[in-house]
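Here the structure comes first, spelled out in structure tokens, and everything after it is commentary.
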Amino acid sequence: MVQQLREQGTVRNYELLVRAQSGETRSIVVSMEPILYNAEECILSVFIDISERKKMELELQRSNAELEEFAYVASHDLQEPLRAVAGMVQLLQQRYQGKLDERADEYIGHTVEASTRMQNLINDLLKYSRVEQFGKPLAETDLERCLKNALANLQVSMQESNAQITHTPLPIVKADAAQLTQVLQNLIGNAIKFRGAGPLHIHIGAKKIKHNWQFEVSDNGIGIEPQYFERIFRVFQRLHTRREYPGTGIGLSLCKKIIERHGGQIWLESQPGAGSTFYFTLPERL
Ligand code: ADP
């Protein structure tokens, strides 16, 4: 700290651990600035005890990790019995469809549908809880390649919707390639799913703003009312019924979790009836 003061003339937010008289270790942040006081040069020093904040941050990290672990274990362990239930009701349907009365067919049909839906929800929850724990270390990733893979995975729906997709050149960034492919796939998949009546245009763009890359995925689809801009990033939150548009409502929350894991942010601009643009940033890491 003293060396920094000598070399740079000031000290800003220097963190240090101090042993208090009670024997307890406290976290202190120090700033120092030379000032003139009564025509004499002095060093103005500010010491702030941030031990409580640090403790709370650690506690938050711990409880988030615990929550993720819980979601992972719960969804993982639920898969097994659910698979058995789904298998059995499907068997029941295959063997007894049309052989019991109409009402039995209807009940079995509902059970099959509900068990499939629950399997989808649990798989999605598992994917969500795996973002941190099972994410790969960030490595040099060519986003052009991620986009190519995402588009290959969306080939059928792209053809069905006759989507016209354009993009600017995408950079190489430090990222988890599989997770970034997932983000692009979810955003482009949504642009296709929530398209309007006219021909569909989707554009993917990238530009550098200071030390961040900013990406956008824009469409001319049905758009979203501003009051839902936050809600749609929460787990299982959707604005439509499954009959109108299929899906579980995990896609955007997964994107948010992945982008935040990379140190970036995600948000949108949209006008109902005119289209939506989803933006996300990634810090430039060299
Ligand atoms: P899902 O697609 O399974 O519903 P998401 O989390 O991906 O789940 O999206 C949440 C909701 O946000 C969607 O149900 C939809 O209402 C809205 N949404 C997402 N992307 C778009 C888009 N490009 N245009 C219009 N609405 C969208």
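Read the numbers this way: they start at 1 and go in the same order the structure lists the ligands and their atoms.
R238 places a side-chain N or O within 3.5 Å of a backbone atom of Y245 that can act as its donor or acceptor partner. Side chain of K193 to backbone of P246: a donor-acceptor contact under 3.5 angstrom is found. For the pair T141 (side chain) and K174 (backbone), a donor-acceptor distance under 3.5 Å is absent. No donor-acceptor pair under 3.5 Å is formed between the side chain of E41 and the backbone N or O of P34. In this structure a side-chain-to-backbone donor-acceptor pair under 3.5 Å is missing from D105 to Q97.
From the protein, the heavy atom lying nearest to atom 5 (P) of ligand 1 is L252 N, 3.6 Å. Scanning all protein heavy atoms for the shortest distance to atom 23 (N) of ligand 1 gives D219 OD2, 2.9 Å. For atom 4 (O) of ligand 1, the closest non-hydrogen atom on the protein side is R238 NE, 2.6 Å. What sits closest to atom 12 (O) of ligand 1 on the protein, heavy atoms only, is I232 CG2, 3.3 Å. The protein heavy-atom contact nearest to atom 7 (O) of ligand 1 is N190 ND2, 2.8 Å. Remark: minimum distance from atom 13 (C) of ligand 1 to any protein heavy atom is reached at F194 CZ, 3.4 Å.
Remark: ligand 1 atoms within the under-4.0 Å shell around heavy atoms of G223 are 25 (C). Per-residue contacts place G247 under 4.0 angstrom from the following atoms of ligand 1 (heavy atoms of the residue considered): 3 (O). The distance from ligand 1 to the heavy atoms of H240 drops below 4.0 Å at these ligand atoms: 16 (O).
The shortest separation from a heavy atom of G221 to ligand 1 is not under 4.0 Å, leaving the residue out of contact. Using 4.0 Å as the threshold, T248 has a heavy atom nearer than that to some atom of ligand 1. At least one heavy atom of F278 sits less than 4.0 Å from an atom of ligand 1.
Ionic pairing of K55 and E59 is not present here: no N-O contact between side-chain nitrogen and carboxylate oxygen is shorter than 4.0 angstrom. Salt-bridge annotation for E144 and K148: absent, with no side-chain N of the basic residue lying under 4.0 Å from a carboxylate O of the acidic one. Between E106 and R103, no side-chain nitrogen of the basic residue sits less than 4.0 Å from a carboxylate oxygen of the acidic one, so the salt-bridge criterion is not met. Under 4.0 Å is where a charged nitrogen must lie from a carboxylate oxygen, and between R26 and E52 at least one such pair does.
Polar contact with ligand 1: absent for P246 (N/O pair, distance under 3.5 Å). The shortest N or O to N or O distance between K193 and ligand 1 is below 3.5 Å. In terms of polar-atom proximity, Q237 is not counted as a contact of ligand 1, lacking any N or O under 3.5 Å from an N or O of the ligand.
Considering every non-hydrogen atom in both Y128 and L254, the closest pair reads CA-CD1, 3.5 Å.
Of the listed options P272, G251, G249, G249 places a heavy atom closest to atom 1 (P) of ligand 1.
Residue contacts with ligand 1, taken as heavy atom pairs separated by less than 4.0 Å, involve I224 solely via side-chain atoms from C-beta onward.
Two rings, from F280 and H262, have their centers 6.0 Å or more apart.
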